[in-house]
Amino acid sequence: MERISQQIMERAAKLPEGAPLAAKGLLHLGSRAAVDQALSRLQRRGQLLRAGRGLYVRPMNSRIGSRAPSVESLLESVATRTGETIVASGAASANKLGLTTQVPVRNVHLTSGPSRQLQLGKQIIELQHSPRRQLLFPHQPTGDALRALQWLGPENAESALGLLQTKLSKADFATLLQAAPMMPNWLAKLLSARGDRG
């Protein structure tokens, strides 16, 4: 059992920050039960953190002790491993763009994959399956703007659109307006009307 634990830690040491170890990816080291036992033992010792069902990450060492990897590095690694798109929620995007001072209490991200929860220490990360229109232009200002507008809703989106025109580059704002056909009717109408006004 200790041999399997040692091999798991050797593999974990080679991974970049936040890259998860999946129990299924370690089955060449031993039976599923042996791998699960070794992972549980490493978690109890604090050598690994459980990030989700069958997923573990290595804590990062710093001058003041060990810490969980960043949420961004974990999500980037999960997205690369699974091939799904993962982006910030509309509430987080609106806050990032200065369209609201409201800071989201929950750590929610939208995904093309299944809804589920990940965990880093005591921090819960919610992944919510979302329609394609919520995931457009991942990790770009245009995508953040579209998610923010959809989250703000019809009552607040028009004034937010005026603010976005001053915050986004001309090219990004033009791309935002061109996304109208893929948006819900109320937002498509708003974007089209703004585009017509030039």
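Given the structure is predicted, the values throughout are model-derived calculations rather than measurements.
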Does the distance from a Lys or Arg side-chain N to an Asp or Glu carboxylate O, for R3 and E10, drop under 4.0 Å?
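No, this pair does not count.
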Looking at E76 and R81, does any basic side-chain N land under 4.0 Å from a carboxylate oxygen?
no
From D144 CG over to K167 NZ, what is the distance, rounded to the nearest 0.5 angstrom?
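It comes to 12.5 Å.
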Distance in Å, R116 CZ paired with L55 CG, rounded so as to fall on 0.5 Å steps
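Taking CZ in R116 and CG in L55, the distance rounds to 8.0 Å.
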For the residue pair [Y] / [X], report whether a side-chain donor-acceptor contact shorter than 3.5 Å exists.
{"X": "S77", "Y": "T80", "result": "no"}
{"X": "E84", "Y": "T111", "result": "yes"}
{"X": "Q140", "Y": "T142", "result": "no"}
{"X": "T175", "Y": "D172", "result": "no"}
{"X": "Q165", "Y": "R194", "result": "yes"}

Within the 4.5 Å heavy-atom criterion, are [X] and [Y] side-chain neighbours or not?
{"X": "L161", "Y": "F173", "result": "yes"}
{"X": "R50", "Y": "V57", "result": "no"}
{"X": "Q150", "Y": "M183", "result": "yes"}

Does L27 offer a backbone N or O that forms a donor-acceptor pair with the side chain of R32 under 3.5 Å?
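Here the side-chain-to-backbone pair does not exist.
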Any donor-acceptor pair under 3.5 Å from R147 side chain to L136 backbone
yes
For R67 and E17, what are the C-alpha separation, side-chain angles and deciding distance, and is it a salt bridge (charged side-chain N to carboxylate O under 4.0 Å, His left out)?
CA-CA 11 Å; R67 63 166 178 83; E17 178 177 343; 3.2 Å; yes
Check this for me: R45, atom CZ, are more than 12 non-hydrogen atoms of other residues, nucleotides or ligands nearer than 6.0 Å?
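Yes, enclosed.
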